There are 2 protein chains.
Amino acid sequence: MGTLADHIEAYIKQMLRRSEDNSVELSRAQLASDFSCVPSQINYVLATRFTLERGYVVESRRGGGGYIRVAHVQVEDDLTHAVNLLKSIGSQLSERRMENILARLRDIGLISPAQCNLIRGIVQQETGTISQGKDVLRASLVRALLFYIIKSEA
Amino acid sequence: MGTLADHIEAYIKQMLRRSEDNSVELSRAQLASDFSCVPSQINYVLATRFTLERGYVVESRRGGGGYIRVAHVQVEDDLTHAVNLLKSIGSQLSERRMENILARLRDIGLISPAQCNLIRGIVQQETGTISQGKDVLRASLVRALLFYIIKSEA
DNA sequence: ACAGTTAAGGTCAGTAATAGTCAAAGAAAG
DNA sequence: CTTTCTTTGACTATTACTGACCTTAACTGT
């Protein structure tokens, strides 16, 4: 099944769902101990899966009584947010940024998991046949497809 | 008989049939080991036999805990013609040819006039910002958008 | 107050575990 | 004999995980 990082991610997300205010406070050392890993593994999970682009804000404090707080931020207007996300795509788009954006759009319910896979598949198919400028083509394709989805579902 | 690639193809398809949700997760290295071949042989099989055109979506992740997931999506018979049209697009697409294709798709009722306009607008927007390779980008964009429409409205 | 101790969390670079790419060699088909 | 499909392997890219070392904040005794 998934990796340790996946499990930690799932665990934190579950806690977030169960929380009243979409935020949880963690103890890095405690969590690492629960999952039998080094503390820095927690930083790895936070850095790769709880980014701002995916809609999470992480704040922390060191020292005695230190903590890590993870908040899932909701946007007032999903459509506006989606459009802003699209605007943030420049002339180039890496695979990683695409994944972040898709994860976010799926998260706010603008696209379904199936739509997400379809987009991914199409982009992979199209970018697979060229050797140069994949990031440029990916930017255009993702912008075009998402724009189409937004327009036709609005 | 058949080649090694054929056997690997058959094996993956068998797994897909046996799966509950028409999708399987593979380990490239494991599969290569099972068939006593180099790992890149698996990529060859996926690239030549499990394409979007044939109704498969392939996604993968590298690194520790990496995987390859193959999903099979059903295509209606009515859409075969449209899919063939898409195949004919090739690596470049002029504005004139695009118009021809859009017209035909509109004729057979696969896309509405509104969708047609939306596609035109998006393609114009995306191709307008580049100076070279407009026909190449247009081919990708039109293929991507039409493919998306066909798949999501099937 | 101050200094020392304790209790957090942060960084970064290195290692391991996967998968991807590309071009060239080999095999099969026409 | 030429072209197309298959197979291989060397090189590359990405992701996960660990551990040594660093930074910050609170507490404690004098």
Side-chain angles (χ1 to χ4, degrees), chain A residues 1-12 24-51 53-54 57-71 92-100 102-103 120-121 123-135 137-138, chain B residues 1-12 24-51 54 57-70:
Chain A
M1 293 282 284
T3 64
L4 173 58
D6 292 334
H7 289 127
I8 297 173
E9 174 189 10
Y11 177 74
I12 294 174
V24 287
E25 195 170 300
L26 315 168
S27 148
R28 188 180 78 145
Q30 183 58 53
L31 196 53
S33 166
D34 290 347
F35 282 93
S36 303
C37 63
V38 292
S40 57
Q41 175 75 355
I42 307 303
N43 295 88
Y44 174 73
V45 173
L46 292 172
T48 54
R49 284 127 158 110
F50 293 88
T51 64
E53 198 163 51
R54 294 192 181 198
V57 175
V58 178
E59 60 173 336
S60 64
R61 225 173 76 187
R62 308 183 184 191
Y67 60 83
I68 298 178
R69 197 191 321 269
V70 182
Q92 292 181 248
L93 182 66
S94 69
E95 241 181 305
R96 184 188 306 250
R97 277 231 301 142
M98 176 183 83
E99 287 301 334
N100 284 339
L102 290 181
R120 215 186 268 119
V123 170
Q124 194 172 45
Q125 178 94 357
E126 291 296 327
T127 58
T129 58
I130 64 171
S131 53
Q132 283 190 328
K134 283 188 204 286
D135 284 359
L137 177 57
R138 187 181 295 114
Chain B
M1 254 300 301
T3 64
L4 173 57
D6 292 334
H7 289 127
I8 297 173
E9 174 188 10
Y11 177 74
I12 294 174
V24 286
E25 195 171 301
L26 317 166
S27 148
R28 189 180 78 144
Q30 183 59 55
L31 196 53
S33 167
D34 291 348
F35 282 92
S36 303
C37 63
V38 292
S40 56
Q41 175 76 351
I42 307 303
N43 295 87
Y44 175 72
V45 174
L46 292 173
T48 55
R49 282 121 158 118
F50 293 87
T51 63
R54 297 190 183 192
V57 177
V58 178
E59 67 171 324
S60 65
R61 217 167 82 183
R62 306 185 187 190
Y67 58 80
I68 297 177
R69 191 164 13 235
V70 182

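Throughout, protein chains are lettered first and strands after them, A, B, ... in sequence-line order, and every chain is numbered starting at 1. In this text the structure is predicted, and so the values were computed from the model without any measurement.
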Query raised in the report: Looking only at heavy atoms, which two atoms of Ser94(A) and Asp135(A) are closest? And how far apart?
Result: CA-OD1, 3.8 Å
Report task. Tell me, please, which residues at least two apart from Glu53(A) pass side-chain contact (heavy atoms from CB on, under 4.5 Å). Result -> Thr51(A), Arg97(A), Asn100(A), Ile101(A)
Query - Nearest heavy atoms of Leu137(A) and Glu126(A), plus distance in Å - result: CD2-O, 3.7 Å
Report task. Between protein and nucleotides 7-14 of chain C, map the contacts as a letter string: B base, S sugar-phosphate only, - none, heavy atoms under 4.0 Å, written 5' to 3'. Result -> BBBBB---
Report summary line: Applying salt bridge (charged side-chain N to carboxylate O under 4.0 Å, His left out) to Arg69(B) and not counting sequence neighbours gives Glu25(B), Glu59(B)
Report task. Would you indicate what Leu4(A) reaches in the nucleic acid, counting non-hydrogen atoms under 4.0 angstrom: base, sugar-phosphate, or nothing? Result -> sugar-phosphate
Query - Which residues share a side-chain contact (heavy atoms from CB on, under 4.5 Å) with Arg61(A), sequence neighbours left out - result: Tyr67(A)
Query - Under 4.0 Å protein heavy-atom contacts per nucleotide of nucleotides 23-30 of chain C, with B for base, S for backbone only and - for none - result: --------
Query - Gln124(A) versus Val58(B), closest heavy-atom pair with distance - result: OE1-O, 2.5 Å
Query - Closest-nucleotide 5' rank along DNA chain D - winner of Ala5(B) and Val45(A) - result: Ala5(B)
Query raised in the report: Can you list the residues that meet the ring-ring contact (aromatic ring centres under 6.0 Å, His included) rule with Tyr44(B), with sequence neighbours excluded?
Result: none
Query raised in the report: Between which nucleotides of DNA chain D, 5' to 3', does chain B make heavy-atom contacts below 4.0 Å?
Result: dC5(D) to dA16(D)
Report task. Go through the structure and list residues passing salt bridge (charged side-chain N to carboxylate O under 4.0 Å, His left out) with Arg49(B), not counting sequence neighbours. Result -> Asp6(B), Glu9(B)
For residues 29-42 of chain A, please give each side-chain donor-acceptor pair under 3.5 Å, one per line with the distance, not counting sequence neighbours.
from: Gln30(A); atom 1: NE2; to: Asp34(A); atom 2: OD1; distance (Å): 2.9

Report task. State, to 0.1 Å, how close Val123(A) and Arg138(A) come at their nearest heavy-atom pair, and which atoms those are. Result -> CG1-CG, 3.7 Å
